[in-house]
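Below you'll find the structure, written out as structure tokens, and then a few comments.
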Amino acid sequence: MNLKNVPIVTIDGPSGSGKGTVSRLMHKELGWHYLDSGALYRILAFSAESKGIRFTEEAPLAELAKALQIQFIEIPNSEHIGVYLDDREITTQIRTEEMGEKASKVAAFPQVREALVMRQRAFLQAPGLIADGRDMGTVIFPEADLKIFLEASLEERAERRYNQLKKSGVHVTLQSLFSELSQRDMRDRQRVVCPLKPAEDAIIVDTTGMPIEAVLSVVRRAFREKGFI
Ligand code: DC
């Protein structure tokens, strides 16, 4: 099939904006492919750390990015997706706040981002793709049919993350989460290459104060208007 006819929806936004949850639910609902681009940067940071490559070494990080052996495997009856590096399951190890912070550091290097472009584009397959990240609509899939950008206040995003972590038994303070998230945000928004920002043709949804069901209904409406549902 000509890939030009395969629909692409990009869902970008900062951490805690709900983009991951919305993307995974739409992926399950429609049976389209799903690219969790943040996971690629998290896996790279995880692998670099285990190989002793420092987060300041751009060229070795980019080489490693090209060589990573990654698999995403659906977990039946679960919203989550299993992540494997060299056949080893690392699903929970890459999900920590610490790994998010490290991912944000390696993601700031132009060579690293370049090394991951083709890998990300390879996720485009029939019957459609939902691509979740920071630069999906601006850089990786500028031709996307529908671009959604989810926002939310920093306070609310920190609170959402706090409640998520508490539910899964991880103890952190709201204050420390708030300052970590604000630092990561600043790095992702201010970096020179592919900064976090909405594409000019993106639909921007401020999800502050909105329960996930309300966000989903806005997103579903946008999908419907494009004829995807
Ligand atoms: O979405 P996430 O929290 O899993 O992403 C982790 C980090 O990876 C994020 O802080 C910045 C980086 N990232 C990026 O630079 N570009 C993307 N498309 C996705 C993530």
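Every number for a ligand or one of its atoms is a count from 1 in the order of the listing. We use all heavy atoms of the structure for the numbers below, so side chains are in, but hydrogens, waters and symmetry mates are not.
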Ligand 1 versus [X], non-hydrogen atoms closer than 4.0 Å: side chain, backbone, both, neither?
X      : answer
Arg191 : side chain
Met136 : side chain
Arg134 : both
Glu101 : neither

I need the nearest protein heavy-atom contact for [atom]: residue, atom name and distance, please.
atom                    : result
atom 6 (C) of ligand 1  : Arg184 NH1, 3.5 Å
atom 20 (C) of ligand 1 : Gly38 CA, 3.5 Å
atom 12 (C) of ligand 1 : Ala107 CB, 3.7 Å
atom 19 (C) of ligand 1 : Ser37 OG, 3.4 Å
atom 16 (N) of ligand 1 : Arg113 NH2, 2.9 Å

Any ion pair linking [Y] and [X] (charged N to carboxylate O, less than 4.0 Å)?
X      : Y      : result
Glu98  : Lys102 : yes
Lys19  : Asp132 : yes
Glu143 : Arg121 : yes
Arg95  : Asp36  : yes
Glu156 : Arg160 : yes
Asp188 : Arg134 : yes

Task: Arg42 and its side chain to side chain contact (heavy atoms under 4.5 Å, CB included) partner, picked from Ile94, Val106, Ile90, Val83 - done: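 Exactly one pass, corresponding to Ile94.
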Numbered atoms and elements of ligand 1 in range of [X], under 4.0 angstrom, heavy atoms:
X      : answer
Ala103 : 6 (C), 7 (C), 8 (O)
Lys19  : 1 (O)
Asp188 : 9 (C), 10 (O), 11 (C)
Arg42  : 2 (P), 3 (O), 4 (O), 6 (C)

TODO: Kindly give the cluster partners of Phe178, where membership spreads through any ILVMFWY side chain lying under 4.5 Å from a current member.
DONE: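 For the cluster that includes Phe178, the remaining residues are Leu154, Leu181.
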Task: Connected hydrophobic set around Val172, excluding itself, where side chains approach under 4.5 Å - done: Tyr162, Leu165, Val170, Leu174, Leu177
